[in-house]
Amino acid sequence: MNNLHRKYASHRHAILFYSLLTTIGAAPLLVALRFDGALLEFFLALNLLAGVLGFEAGWTRRTLLILTITAVVIHFVSAQGAAEVRPAVLAFWTAIALLSAASSIRFAMRSTRVDAEHIYAALSAYLLAGIFFGVLYHGIESVWPGSFNIAGAQGEFPLFDAMYFSFVTLATLGYGDLLPVSEIARGLAIIEAVSGQLFLAVMIARLVSSHVQAADGRKR
């Protein structure tokens with residue numbers, strides 16, 4: 001058991017990255033096959049748990065893990081009845097995911113030696129932000145209908161559409177088929193777009209710099 005735990009700890013960001021990538025790839029397929037949205041939410045819950053397990057061992061990880069499991073249980077229980085609780089739980093999911101992204105960024109930037117696990121950590125932070133900003137947008141539309149204009153007409157804002165809009169915003173593609181209308185939606189879209197560009201600029205520069213320093217150290 002200890003050996004398994006050590007192996008997981010040494011590859012936790014790689015596992016998180018592939019978990020996120022699997023969710024992104026599975027999401028459109030689940031929608032096309034008309035699976036219930038709860039299945040996509042189940043994938044997201046697994047991503048969230050993987051993100052929390054990406055923290056270093058200690059009281060912070062234990063506390064966040066307990067809170068996350070509680071939030072996941074509340075979310076799926078509320079889906080059967082108290083739907084008014086779900087937006088608040090989704091907002092909490094997003095907060096936990098962004099904390100996990102911050103932990104991954106810290107892990108990627110604090111080392112002077114760049115290896116695959118540091119790259120996976122940086123990539124995971126980017127994907128976590130894209131997926132869970134989408135979860136937040138979905139929750140906002142649930143609380144304040146009409147916050148987003150969908151293909152020229154206000155209507156439902158499914159979770160996959162919200163994730164799609166999030167990645168379009170994060171990558172600053174701006175297709176224009178989904179538009180934030182309310183002040184809150186526009187403000188969050190601005191934060192996500194700016195954060196995405198700053199992340200790419202700073203993180204790439206940091207990883208390249210660390211790689212060059214490590215290469216120079218080996219030559220000496």
Original post:
Minimum heavy-atom separation for Met163 to Ala27, with atom names?
Top reply: CE-CB, 4.4 Å

**OP:** Can you label the angle between the Phe107 ring and the His13 ring as parallel, tilted or perpendicular, going by 30° and 60°?
**Re:** parallel

Original post:
Are side-chain heavy atoms of Leu30 and Phe43 found at a separation under 4.5 Å?
Top reply: yes

Subject >> Close side-chain approach of Phe132 and Ile96, heavy atoms under 4.5 Å >> reply: no

**OP:** Under the side chain to side chain contact (heavy atoms under 4.5 Å, CB included) rule, collect the residues that match up with Ile105, sequence neighbours excluded.
**Re:** Met109, Ala125, Phe199, Met203

Original post:
Where is the tightest heavy-atom contact between Ser100 and Val52, given as atom of each residue plus distance?
Top reply: OG-N, 3.6 Å

Original post:
What about Val89 and Leu67, same hydrophobic cluster or not, with Ile/Leu/Val/Met/Phe/Trp/Tyr joined at side-chain heavy-atom distances under 4.5 Å?
Top reply: yes

Original post:
Out of curiosity, Leu65 CG to Leu48 CG, how far, rounded to the nearest 0.5 Å?
Top reply: 10.0 Å

**OP:** Would you check if the side chain of Thr172 reaches a backbone N or O of Thr169 as a donor-acceptor pair within less than 3.5 Å?
**Re:** no

**OP:** Quick one: pull up CG in Asn149 and CG in Asp177 and give me the separation to the nearest 0.5 Å.
**Re:** 10.5 Å

Original post:
Is a side-chain donor or acceptor of Ser166 paired with a backbone partner of Gly130 at a separation under 3.5 angstrom?
Top reply: yes

Original post:
Are Tyr175 and Phe148 joined in one hydrophobic group, where the rule is that I, L, V, M, F, W and Y side chains link up if heavy atoms are under 4.5 Å apart?
Top reply: yes

**OP:** Please name the pair of heavy atoms, one in Gly139 and one in Pro87, separated by the smallest distance, quoted to 0.1 Å.
**Re:** O-CB, 4.0 Å

Subject >> For Ala162 against Gly134, the heavy-atom pair lying closest together >> reply: CB-O, 3.1 Å

Original post:
Between Leu44 and Leu46, is there a shared hydrophobic cluster once you connect ILVMFWY residues whose side-chain heavy atoms come closer than 4.5 Å?
Top reply: yes

**OP:** Quick one: closest heavy-atom pair of Leu40 and Phe160, and the distance?
**Re:** CD2-N, 4.3 Å

Original post:
Do Leu179 and Trp144 share a hydrophobic cluster, counting only Ile, Leu, Val, Met, Phe, Trp and Tyr and linking them when any side-chain heavy atoms are less than 4.5 Å apart?
Top reply: no

Subject >> Any donor-acceptor N/O pair, Asp161 side chain to Tyr164 backbone, under 3.5 Å >> reply: no

Original post:
So, do Phe17 and Ile119 sit near enough that their side-chain heavy atoms are less than 4.5 Å apart?
Top reply: no

Subject >> Aromatic ring proximity, centroids under 6.0 angstrom, Phe133 and Phe165 >> reply: no

**OP:** Using the test side chain to side chain contact (heavy atoms under 4.5 Å, CB included), find all partners of Ile190 that sit at least two apart in sequence or belong to another chain.
**Re:** Val194

Original post:
With under 30° as parallel and over 60° as perpendicular, where do the rings of His75 and Trp93 fit, or are they tilted in between?
Top reply: tilted

Subject >> Atom pair CG (Leu20) and CD1 (Ile15), whose distance is rounded to the nearest 0.5 Å >> reply: 12.0 Å

Original post:
Closest heavy-atom contact between Phe92 and Ala71?
Top reply: CD2-CB, 3.4 Å

**OP:** Look up atom CG in Leu16 and atom CG in Leu128, then write down how far apart they are to the nearest 0.5 Å.
**Re:** 5.0 Å

**OP:** Quick one: pull up CZ in Phe35 and CZ in Phe42 and give me the separation to the nearest 0.5 Å.
**Re:** 13.5 Å

**OP:** Treating Ile, Leu, Val, Met, Phe, Trp and Tyr as nodes and any side-chain heavy-atom pair under 4.5 angstrom as an edge, say whether Tyr18 and Leu127 lie in one connected cluster.
**Re:** yes

Original post:
In a check of side-chain contact (heavy atoms from CB on, under 4.5 Å) between Ile140 and each of Leu90, Val135, Leu188, which one passes?
Top reply: Leu188

Original post:
Yes or no on side-chain contact (heavy atoms from CB on, under 4.5 Å) for Ile24 and Phe167, after CA distance, side-chain angles and deciding distance?
Top reply: CA-CA 10 Å; Ile24 293 172; Phe167 277 104; 3.7 Å; yes

Original post:
Going from OG1 on Thr23 to CD on Glu41, what distance comes out if it is rounded to the nearest 0.5 angstrom?
Top reply: 12.5 Å

